[in-house]
Amino acid sequence: MNMLKEEKALNPAQKKALDHIEGPLLVLAGAGSGKTRVVTQKIAKLIQIGINPSEILALTFTNKAADEMATRIRALTFKNVLSCTFHSLGAKILRENISNLGYESNFTIYDAEDSLKLLKDCLRSLNLKDDKALLKKIKFKISHLKNDLVELDDTNALSHLTKSEIEAFRLYQNKLKSFNAVDFDDLLYLTCKLLKENTEILTHYQERWPFLLIDEYQDTNLSQYIIAKLLSQKSQNICVVGDPDQSIYSWRGARYQNILNFDKDFKNATIIKLEKNYRSTASILNAANELIKNNPNRFEKNLYTDNKDGEKIKIFRAQTDQMEATFVIEKISVLNQTEKIELQDMAIFYRTNFQSRIFEDILLSKKIPYVIYGGLSFYQRKEIKDVLAFLKLIISNSDFISFSRTINIPKRGFGKTTITKLFFLSEKLNLPIINLLSELDKNPDRFSDIRLNLNQKTNLKTYLKNLFDLRDLHHKKIDLDELISNILSQMKYLDYLKEDPQSFEDRKENIDELITKASLALEENNQTLEKFLEELTLAISKYDNTNEKALKLMTLHNSKGLEFESVFIVGLEEDILPHINSKKSIEEIEEERRLFYVGMTRAKKHLYICSTETRYMFGSVRLSTPSRFLKELPKEYIDDLSQNLEDDFIDAQPIITDTSQNYYPGLKIYHKTFGVGIVQKVYETSLGETLDILFEDSPNTRSLVTKYAKLKTLN
């Protein structure tokens with residue numbers, strides 16, 4: 001590869017970043033500005049002017065990115081440079097020096113499973129309850145404390161922990177050391193400790209790597225920031241590349257303030273802005289620029305492009321979420337057929353995983369290939385498959401796979417050995433598994449092949465009782481959505497999901513969406529449980545995640561670093577984007593805005609932004625408020641399609657039922673998902689009579705349209 005030719009292709013700002021050799025440098029690289037090329041070219045330039053490759057250290061955040069950077073540098077220079085993640089660097093430094101912290105150099109690195117097992121042992125030693133929810137909660141807190149470099153003797157920093165949690169943290173850390181082991185967070189935590197406490201070791205690495213380059217600097221947490229600052233303290237030859245406008249990972253501990261404060265941390269720092277965008281049309285870029293200006297905490301920059309204005313951003317506000325999905329899929333088909341844009345060059349972005357379901361249903365029905373990028377198809381997610389397994393057992397005695405999936409939800413003490421014995425005994429006797437379990441429940445000693453302990457006997461009795469109670473409800477013709485709600489309560493499934501607090505909200509949203517699917521199936525097709533399961537099983541079997549030429553569906557978080565000819569961002573509504581759990585502070589709203597900005601700047605030519613007037617959620621229709629971010633997009637770059645296309649989607653609306661009920665403020669009502677509530681306000685909207693209701697477990701009112709909501713009066 002001709003390096004001189006590559007360098008000539010750079011624009012003036014990129015060339016300026018390349019020519020800066022010594023001293024601190026901040027490269028503010030806007031979306032689509034060619035930052036990866038600048039980083040690799042800069043390293044090649046250092047080697048070209050005589051810097052020894054072994055004196056250069058390049059840091060990034062994923063192994064894939066690190067490998068790609070090393071490969072590009074080799075292609076340009078035929079030299080090897082240490083390009084790695086912060087965690088890999090920590091492991092390397094600790095292998096060479098960890099004896100200074102009282103460990104041996106052959107230490108073991110514990111993965112997440114090992115770490116949880118050790119913490120569980122610690123809780124038992126302290127006579128603390130070791131249920132999964134508490135276990136993961138404490139592990140999450142320990143992880144954050146380590147990333148924030150909190151020492152065990154820092155009483156102020158630990159003040160938000162209970163005495164038991166502090167004891168667990170202390171014992172866990174002591175146990176790790178006694179086992180000569182470190183966890184994943186220790187790779188950064190202990191590296192910081194080592195470099196801060198040992199001047200000789202710090203000096204060695206400062207002289208070993210006098211040139212430090214860091215990509216995606218806006219994503220660094222405190223420990224990564226300290227490592228970078230310490231290593232570059234002597235030479236001051238640190239080059240960081242990033243964009244605070246694309247900082248979207250605060251929930252992982254990322255601190256966008258690190259990049260904003262760079263010129264304060266490194267005096268006389270040079271700041272170079274890469275503002276020329278090579279990706280998007282001027283219309284998309286200008287609108288994105290105006291949006292992000294609403295965030296006060298940022299470096300001012302204004303992206304521009306030599307690309308044509310292109311078509312305006314298309315805004316579509318559908319009456320329902322079904323209309324929204326139908327509109328998007330039809331537009332994708334048109335772009336594919338008339339403009340010959342390949343499916344793999346188009347993407348649908350959404351804020352939360354549950355939103356994929358409605359799009360997947362339509363894509364599967366139309367046989368349009370798609371893949372969920374960075375995640376699982378809705379029907380392949382664990383919580384969905386768990387609930388479907390319970391549903392299958394309601395109508396089948398023989399489904400051993402569904403039994404083996406559900407018997408330990410929650411834990412009932414049935415290990416692999418016992419489950420395998422049950423399988424072979426069922427086969428041997430030609431007896432369906434549920435029938436076999438019923439016989440065991442009545443007479444635990446009947447079969448010599450199986451010997452259940454007291455705990456297993458008790459839990460089996462509860463499991464079967466709950467299953468048969470659900471069957472009774474099914475025989476009484478209870479609605480599908482209510483049947484699923486009863487599964488959640490009877491089998492204590494939500495309690496089971498709460499064992500992992502980090503994933504609970506996301507998984508619950510997916511189950512709520514399955515309830516919505518069941519409710520719609522009943523309203524539109526009067527589906528039986530058998531038909532419902534058949535349809536979903538076929539949906540699962542049709543999904544192919546190996547098709548590289550398929551349409552991409554993904555969360556906005558997973559879209560970072562990607563680009564597409566055509567992008568559809570859906571669900572631009574309050575409580576979805578910005579998300580309901582991210583509206584507690586100005587900082588959280590700013591990050592939600594950055595997330596939208598990231599999504600917008602993935603688009604090259606076509607950008608569609610969609611929202612709905614109503615969204616079918618939790619088994620009923622809710623009024624939706626347009627996202628505040630829509631108002632921040634300049635009208636001169638917007639083409640509103642909403643009024644033009646409403647008539648085309650009448651068939652996509654859910655079937656409406658008339659309740660003919662007299663509602664008034666103060667009326668006590670019951671909703672099967674939200675529970676008991678009091679009507680606060682009654683008013684008319686374009687969808688008919690609407691109620692603002694304050695439910696017992698919610699601090700805010702919910703707006704429900706009466707003809708959809710299936711409300712019961714309690715007064």
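Values below: all heavy atoms of this structure, side chains included; hydrogens, waters and symmetry mates excluded.
- Side chains of D183 and Y172: a donor on one and an acceptor on the other come within 3.5 Å.
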Step by step, would you call T555 with N558 a side-chain hydrogen bond (donor to acceptor under 3.5 Å, both in side chains)? CA-CA 5 Å; T555 63; N558 283 331; 3.3 Å; yes

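- Within the model, atoms OG1 of T155 and CG of L161 stand 11.5 Å from one another, a figure rounded to the nearest 0.5 Å.
- A donor-acceptor contact shorter than 3.5 Å is absent between the side chain of R298 and the backbone of D245.
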Show, in sequence, the C-alpha distance, side-chain angles and deciding distance for Q355 and T352, and conclude whether the side-chain hydrogen bond (donor to acceptor under 3.5 Å, both in side chains) test is met. CA-CA 6 Å; Q355 291 171 262; T352 54; 3.2 Å; yes

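- The cationic atom of R252 (NZ for Lys, CZ for Arg) does not lie both less than 6.0 Å from the six-membered ring centre of F61 and within 45° of the ring axis.
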Output, in order, the C-alpha distance, side-chain angles, deciding distance and verdict of salt bridge (charged side-chain N to carboxylate O under 4.0 Å, His left out) for E574 and R628. CA-CA 7 Å; E574 289 294 311; R628 67 192 70 188; 2.8 Å; yes

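- Crowding of F299 atom CZ: a count of heavy atoms from other residues, nucleotides or ligands under 6.0 Å exceeding 12.
- The side-chain contact (heavy atoms from CB on, under 4.5 Å) test with L188 singles out one residue from L222, L149, N147, L89, and that residue is N147.
- For the 3.5 Å distance criterion, the side chains of N11 and Y278 qualify, holding a donor opposite an acceptor.
- Side-chain contact between K35 and E216 is present, with at least one heavy-atom pair separated by less than 4.5 Å.
- Of the possible polar contacts, none joining the K234 side chain to the P210 backbone as a donor-acceptor pair under 3.5 Å is found.
- A distance of 9.5 Å separates CG in N80 from OG1 in T71, rounded to the nearest 0.5 Å.
- Residues D265 and Y225 have side chains that bring a donor and an acceptor to within less than 3.5 angstrom of each other.
- Between the side chain of Q206 and the main chain of L230, a donor-acceptor pair closer than 3.5 Å is present.
- Classified by interplanar angle (parallel below 30°, tilted 30° to 60°, perpendicular above 60°), the ring pair F564/F349 is perpendicular.
- Checking L25, I56, T40 one by one against L213, the side-chain contact (heavy atoms from CB on, under 4.5 Å) holds for a single residue, I56.
- Y189 and E151 form a side-chain donor-acceptor contact under 3.5 Å, judged by distance and modelled atom types alone.
- The distance from atom CG of N510 to atom CG of L497, rounded to the nearest 0.5 Å, is 10.0 Å.
- Considering CG of L190 and CG of N97, their distance stands at 12.0 Å, rounded to 0.5 Å.
- The distance from atom NZ of K583 to atom CD of E592, rounded to the nearest 0.5 Å, is 9.5 Å.
- Across I238, V240, N261, a single residue satisfies side-chain contact (heavy atoms from CB on, under 4.5 Å) together with F266, and that is I238.
- No side-chain donor from either of K276 and Q14 sits under 3.5 Å from a side-chain acceptor of the other.
- No hydrogens or angles considered: nothing links the side chains of S83 and R72 as a donor-acceptor pair under 3.5 Å.
- A side-chain donor-acceptor contact under 3.5 Å links S627 to the backbone of L577.
- Between the side chains of D186 and Q173, at least one donor N or O lies within less than 3.5 Å of an accepting N or O.
- F596 pairs in a side-chain contact (heavy atoms from CB on, under 4.5 Å) with only one of the listed residues (L633, L556, I292), which is L633.
- A distance of 8.5 Å separates CG of D512 from CZ of F354, quoted to the nearest 0.5 Å.
- In this pair, Y249 and W251 present their aromatic rings perpendicular. The plane angle is above 60°, beyond the 30 to 60° band.
- Contact record, I569 with G599: CD1-C, 3.6 Å, taken as the closest heavy-atom pair.
- In this structure the side chain of C239 never reaches within 4.5 angstrom of the side chain of L212, judged on heavy atoms.
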